[in-house]
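Below is one structure, written out as structure tokens, with a few remarks after it.
Not measured: the values here are computed from a predicted model. Order of the sequence lines fixes the chain letters, A, B, ..., with proteins taken first and strands second; residue numbering starts at 1 for each chain.
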Amino acid sequence: MLLQMRQITKTYGNLTANSNVDFSLRQGEIHALVGENGAGKTTLMRILYGMEQPTAGDILLNGKEVAFSNPTDAIRHRIGMVHQHFMLFPSFTVAENIVIGNEPKSGLKFDRKKAVKQVEALCAQYRLPIDPNKKVADIPLGMQQRVEILKVLYQGADVIILDEPTGVLTPLEAKELLVIMRNLANQGKSFIIITHKLHEVMEIADRVTVLRDGKVTGELDAGATNVEELSKLMVGRDLLPTNKSDVRLGETVLQVKDVSIMGGKGKPVLDKVSFHVKAGEIVGIAGISGNGQSELIQAISGLQFIDHGEIRLLGDNLKGRSVREIRDIGLSHVPEDRYQWGAAKEGTVLENGTMGHHRTTSRKGFLQGKELRQMVDGFIQQFQIKAGSQDAKVKYLSGGNLQKLIVAREIAQKQPFLIAAEPTRGVDIGAMELIHEELLRKRDEQGAILLVSSELTEILKLSDRIIVMYEGRIAGEISAENATEEQISLWMAGGVSHA
Amino acid sequence: MLKSRFPISAWVQPLLAVIIGLIGGAIAISLIGGSVIDTYAQMWKGAFGNFFFITNTLTRATPLILVGLGVSIAFRAGFFNMGSEGQMILGALSSAMIAIYLPGPALFKLLAAILGGIIAGGIWSAFAGWLDAKFRMNLIITTLLMNYIAALFAGYMVAYPFKDKTGSAALAQTMMIEKGVWLPKLFQGMSIHGGFIIAIALAVLLYLFVKYTVAGYEIRMLGYNPLFAGYGGVNRGKVMLASMFASGGFAGLAGAIEVLGMQYRYTDGMITNPGYAWSGIMATLLSGAHPLGTAIAAVLLAALQTGGMGVERNTSIPLEISSVIQSLLILFVTAKFSYTLWKRRKGGKGDAASS
Amino acid sequence: KTDTAAPAAEATKAATAKSDKKVILITPEKIGLNPFFAQEDEGVKKAGQEFGITVKTVESTDASAIEQNLRAAVADNYDLIITSSFESEDALKKVAAENPKKSFAIIDTVVDLPNVRSVVFREHEASYLLGAAAGLATKKNVVGMVAALDIPLIKKYTVGFQEGLKATNPNAKFIVNYVGSFTDPAKAKELALTQFSQGADFIAAASAVGDLGVFEAAKEKGFFTSGQDIDRTVTDPQHIVLSQLKGTDAVAYQTVKDFVNGSFKFGSVDYGLKEDGVGLTFVTKDSKSTLSPFIGQDVVTKVKAIRDDIVSGKVKVENPVK
Amino acid sequence: MQHLLDVSLFSSMIRMVAPILLAALGGAICSRVGLFNVGLEGFVLVGAFSAIVGNFYTGNVWAAVLIAVAVTMLFSLIFAYISIHLQANVIVVGISFNFLALGLTAFSLRAIFHVKGAFYDKNMIGLPKWDIPFIKDIPVVGDIISGHSPLVYLAFILVFVLQYFLFKSVLGFRLVAVGENPVASKSIGIKVNRMQYLAVLICGVLCGLAGAQLSLGQVTMFTEGMTAGRGFIALVATMLGQANPIGVMASSLLFGLMDAFSIRLQGFSLPTHFTQMLPYVVTLLAMLFFRRSNYLADAQKANGSSR
Ligand SMILES: Nc1ncnc2c1ncn2[C@@H]1O[C@H](COP(=O)(O)OP(=O)(O)OP(=O)(O)O)[C@@H](O)[C@H]1O
Ligand SMILES: Nc1ncnc2c1ncn2[C@@H]1O[C@H](COP(=O)(O)OP(=O)(O)OP(=O)(O)O)[C@@H](O)[C@H]1O
Ligand SMILES: [Mg+2]
Ligand SMILES: [Mg+2]
């Protein structure tokens, strides 16, 4: 056994994030760590990486007991971690991001030329091509993920921890990553991967450890289990397949006509986009992220000006309307990036749950504190959000739990129109089911939903109509019955439309 | 679990800090051969020794509270207003001019002078906000620079066109305001005046405003994360102008009240020399921009100052050392002792982003 | 801070009886920044020593502290409360009016109350003499002055000087620059250097602590300068050739002495050239240092004549701050 | 009018700017690691005072400069300890340090030299003025550039040294990284605290030099509060130059030029108060060109991203 974590317990105050967890890793294996949101996966891995100290328990590496008081210790023992949240320096170049901490020097000078060479060599060695001179801020998320992995490889890690690495990747990028992992494992590297996508687990993992409420509920060989068993171990119950009722279309709620937004480099980021969403339907927007979806969402919700065209919500022209006015007309919005747009980390659960309800749940300019508290309590109950209390700061919530809070908040606005951008990003399968059910219920109640997702399965499962975006244009549109994964993938990759 | 941790550090921490601050001060005192106990006794006496000294301390706290409240509004909205000094100066100057030159009954003049002070301070501050919103000029720099401009402008006004030509006429100051327009003193023969009541009332109102109103909520969210606020329909530009206006308005009010309640005229340097603005900013930061906390911190800072004066009057400790003790106390009061110690004991590390 | 005189040692001197009176001096600023207050402090302390009474000096940190200190002094039962300067005017007006039984004195400004003795100086008369001397002595017909701030108070120095200069040398060019602070010798020095580069051979210093910077510039570049309040020529008689004098210490001493002797009167006392309260080195008072040839005995004689004219009323120097 | 622009204007500007520039560079290093140091004024004052003490007791001006640097470093170490280790609000610490420095120097003036207000001594020799060979013979340029104290030259050399340090050296790279993203820096094992200590200590060195230039270069004396607001101007220069040494130099020079210029404008019938405003107003206008980054970008950086 390469690595063993024995009887690890970690408490934060009176919250137990890990309770007597045993975990082991073999040389050259890919070990998946799965579990509900807040089950304690990230915490366990942060302990292994020296970012947290366990309250009890010990770690054995090659049979020898080790203690990591900070990441440097872990790195020295050839353990590397790719975090759930990027740990990159956006204004630095790719090469700088990879070599930082162990920079090539000539004298006191940071030899950037050599860094670029080393990174190029590294890329070649592991067959992970990337332009080392680009600024990280300018490269797509998939590439940023690659930078993180290269960074760990550069540090010489033999044990590589990946915390939800495919969370923001496109299906294609995710597939690529899995291939890379398998290659590296064959070269002797060992992986721990945290993911909520059980099909990925089945595809890549050799072994699986399941956590629930900070305890291990199972350690299995991947070959000897299936998605159903895993999800039962995770959630503690069977998951019911979601049923989708027939569409009952109402009037047009959102009308987008010839909308264009000019980008910085003369190339439009949105190019004459037209579509509509009717009451009672879910329109899914598929596409590799970075093809104009973000701009489209922001334009509709009033966060970005459009250069050309017209957007109407319930017949109202949104030109020149503020976010607030648009929300008053009838918009609710699950944003694609929960930390940037969706939440105030320093705010409490209550404060974050209040946004958007603060004007409606008020009297004469005063917030109705009691009602708001009850409402947020409702969110917590309904979505089983694990939060210490309503007054806990949101920054202490696990990613998935925050996502649930945001979805709950926006659905509760009860607006005729909902933008749901990556609504299940980072949430566990149980919560995903719940969110999907809620979205479908909203549709059945004659709500209009624009679903933007990089998860093709999600798009196919929920949408009544699917639009594919490519380079700021609509590459194709197809109804759910006629949609096939192949067709959509082709459009997403820029293939010619024959619709 | 977060709940259970909070009250411990909330009480232990400032207490410990004060104790360590006092020990630090004691070292300074004994280094120069003073009596520690006597010095602290005099300090306490100078600040809270009897009713007279208590009111003295509260008088001194009045402008600090108001300035601190102003800074805290902007701070809550995410803007660092370092321009309280200039805003206070313009507020003081305008209210003095209104009180002197506006015709009409006394009460009307008093109200107009207060309002004038608020508006002058508010506009000066909102102008900096506008420069930020419109031209992306860094608010910290603009507000800092505008302090100098305001001070020089006010200095010119009272050295030349509106100089007091009665009396010795040697100081750059306006004429004295007629007695009817003065803010009433609360007690005969004591310096405390109506401004203190205004300051405390505003601290409570601001606390209620920030905590319970829709606008207060929007301001807080903007301060936490402007993107989140924008997404939720908060207009950053508008809230910025409004909160900067309010912030400067409070500073302007502080200036007006210092004129109408204490000095009864605007004198060049009356705002800058006592360092009201800096103390106000400190009060805000010490309290984490909590309005009631700001008021308490302001009283604490004022007590350190009046206590220092007591030390100066009644011991052989030189004036300079009492200012050293003051700054030492402040330094340690801000330090997070218990928290750090707690962390050490736990062996835990900082609160890096958790997911 | 409390200086109680040792009566035994002083006993021989004590023509005046030992007294149990308590006198307090409250300065409106910290003493450190201003020789004016330091002199007051000295004067009061000297009187305390000589007459065997308790004297105490309290420095105020800022304007609002003055009133507090005055009130505290009343509460502590001091028999005579001395303060000074315009900054204390308002505070004293309030406190003295509220305590009509107490005795107060204020130096350098007038507070018109029955229980206050006010002492004022006519500095502009001395400035006039200094300007006159500069006008006579300058070889290049360019004279400079580095002043602290552009405020009315300083006009007593700048305007008086300019009048004197015009009187003796109407063709001379006069350059004034303001430091913008009382405590910035580095900037004051730069200003002096600038004025020197503009041709000034005499540059008067009137910038409080900044004066030291002007003196340094004079030493470096070899031009001539003058000091304020006390005889500054002693530090560098080669370059600091004159000093405008103000007898603050004597006035403070006299005030306490009168009080102890019972000859203390309320009301306003005025000190100018006539009363010898202000003056100019070499002209109204001799100096330990030797007269610089740049000034020369000739100039001193001429300025002495101007002094006599002012004393006799033949020449009138207007107070520029009125 | 011929006096509006002349050689002594520029040479005076270079001298006057040196302490501001040195302090501003110190501020820039601090702000690079995310510490907004409003205590520059106090740091410089301590430097100025200890330089004079050193000069008086050693009689050697170079030893004095070293002592100024050492004492200010010690002072900055306390600053670092309280703001980094004890996690006190760095702005409050800065403001208190300004008061502390003012009180401490005034008190020490009394304790060490038994004087109030100011200390100078005829026997004390200030920093020498260096003439630069060749350059000093060039007509106008020579008069402007040559004949300053070594610390003036050092200030300008340090601009480029620091530029190199921050953007070319390994240590500087990590220092910048800490300011850019402390969490990420920590995650790869960079000692965030250590980097912050380093930055504050460098700031101490620079402010010590600034103080020495003020009390031994510009004049040879110490007076209470002789920094007279230079620390705050340095703070503005730090921010205006966006914590970039060359930018900091440009903004310091701009301010210095306007300050020198405003002296010349005195006496041209404009009230002094308005001429004194000139440097502040021009600096404000200059901000139109040195704009800060969009708040959106700042907010995005501050809030990280959810993947
Ligand atoms: N620094 C912290 N302070 C307090 N509580 C914390 C802290 N970090 C994590 N927690 C809590 O510990 C629990 C486990 O969190 P962890 O991040 O390990 O979950 P996770 O399994 O990674 O969840 P997700 O799938 O949502 O990422 C959560 O309830 C979280 O709120
Ligand atoms: N009093 C001090 N004086 C000087 N340096 C100190 C002091 N205390 C700590 N340091 C330095 O700061 C470094 C970091 O301190 P500390 O152990 O508190 O941080 P850390 O959390 O381990 O750092 P990080 O997590 O950023 O790697 C220490 O390694 C030490 O060298
Ligand atoms: Mg996690
Ligand atoms: Mg986590």
Side-chain angles (χ1 to χ4, degrees), chain C residues 27 29-38 41-42 59 61 142 144-151 154 158 173-199 207-217 219-221 234-236, chain D residues 2-3 6-9 11-13 15-16 18-20 45 48 102-103 105-107 109-110 115-122 124 126 129 143 213-230 256 259-260 262-267 271-277 279:
Chain C
T27 67
E29 295 171 15
K30 298 209 287 177
I31 288 176
L33 303 179
N34 204 327
F36 178 77
F37 300 124
D41 185 35
E42 273 169 35
E59 304 170 47
T61 39
V142 184
M145 183 176 227
V146 176
L149 291 174
D150 189 3
I151 54 173
I154 305 287
T158 54
K173 189 178 159 201
F174 180 48
I175 318 167
V176 199
N177 281 125
Y178 296 94
V179 178
S181 155
F182 285 113
T183 62
D184 195 344
K187 177 122 186 230
K189 182 176 176 185
E190 289 301 331
L191 294 180
L193 291 174
T194 307
Q195 294 185 349
F196 173 72
S197 81
Q198 291 173 3
S207 56
V209 184
D211 290 359
L212 298 171
V214 180
F215 298 161
E216 227 182 74
K219 194 170 170 184
E220 261 176 49
K221 295 288 177 185
V234 290
T235 42
D236 181 12
Chain D
Q2 74 274 21
H3 287 311
D6 57 35
V7 169
S8 86
L9 174 104
S11 109
S12 159
M13 174 193 84
R15 268 194 308 273
M16 294 289 279
I20 294 175
L45 195 63
L102 205 57
T105 53
F107 169 71
L109 201 57
R110 184 187 251 202
V115 294
K116 292 194 115 193
F119 176 76
Y120 58 99
D121 186 289
K122 261 190 284 191
M124 226 156 47
K129 309 265 181 289
D143 291 333
Q213 164 61 17
L214 197 58
S215 68
L216 292 177
Q218 231 107 313
V219 289
T220 310
M221 70 185 74
F222 177 81
T223 66
E224 268 178 42
M226 76 184 294
T227 39
R230 287 179 176 80
D259 196 30
S262 80
I263 294 170
R264 301 308 159 97
L265 284 179
Q266 286 185 8
T272 326
H273 294 91
F274 291 104
T275 61
Q276 283 175 346
M277 274 181 210

Check the pair C/L212, D/M226 against side chain to side chain contact (heavy atoms under 4.5 Å, CB included), reporting the backbone distance first and the verdict last.
CA-CA 11 Å; C/L212 298 171; D/M226 76 184 294; over 6 Å; no
Part of C/K187 lying under 4.5 Å from any heavy atom of chain D
both
So for D/T220, is it side chain, backbone, both, or neither that comes closer than 4.5 Å to the heavy atoms of chain C?
both
Nearest atoms (heavy-atom pairs only) where C/A186 meets D/V219:
CA-CG1, 3.8 Å
With sequence neighbours excluded, tell me which residues meet ring-ring contact (aromatic ring centres under 6.0 Å, His included) with C/F36.
none
Looking at D/R230 and C/D184, is any side-chain nitrogen of the basic one under 4.0 Å from a carboxylate oxygen of the acidic one?
yes
Backbone of D/G225 reached by a side-chain donor or acceptor of C/T183 within 3.5 Å:
yes
Identify, with sequence neighbours excluded, every residue that meets side-chain hydrogen bond (donor to acceptor under 3.5 Å, both in side chains) alongside D/T227.
D/E41
Under the side chain to side chain contact (heavy atoms under 4.5 Å, CB included) criterion, do C/T194 and D/R264 qualify, and how do the steps go?
CA-CA 9 Å; C/T194 307; D/R264 301 308 159 97; 2.9 Å; yes
In short, D/I263 meets C/N177 closest at the heavy-atom pair O-ND2, 3.4 Å
Does a side-chain heavy-atom distance below 4.5 Å link D/H273 with C/D150?
yes
Rounded to the nearest 0.5 Å, the CD atom of D/Q218 sits from the CD atom of C/E216 at a distance of 10.0 Å
Measuring only between side-chain heavy atoms, which start at C-beta, is D/Q276 closer than 4.5 Å to C/Y178?
yes
Within the 4.5 Å heavy-atom criterion, are C/E59 and D/K116 side-chain neighbours or not?
yes
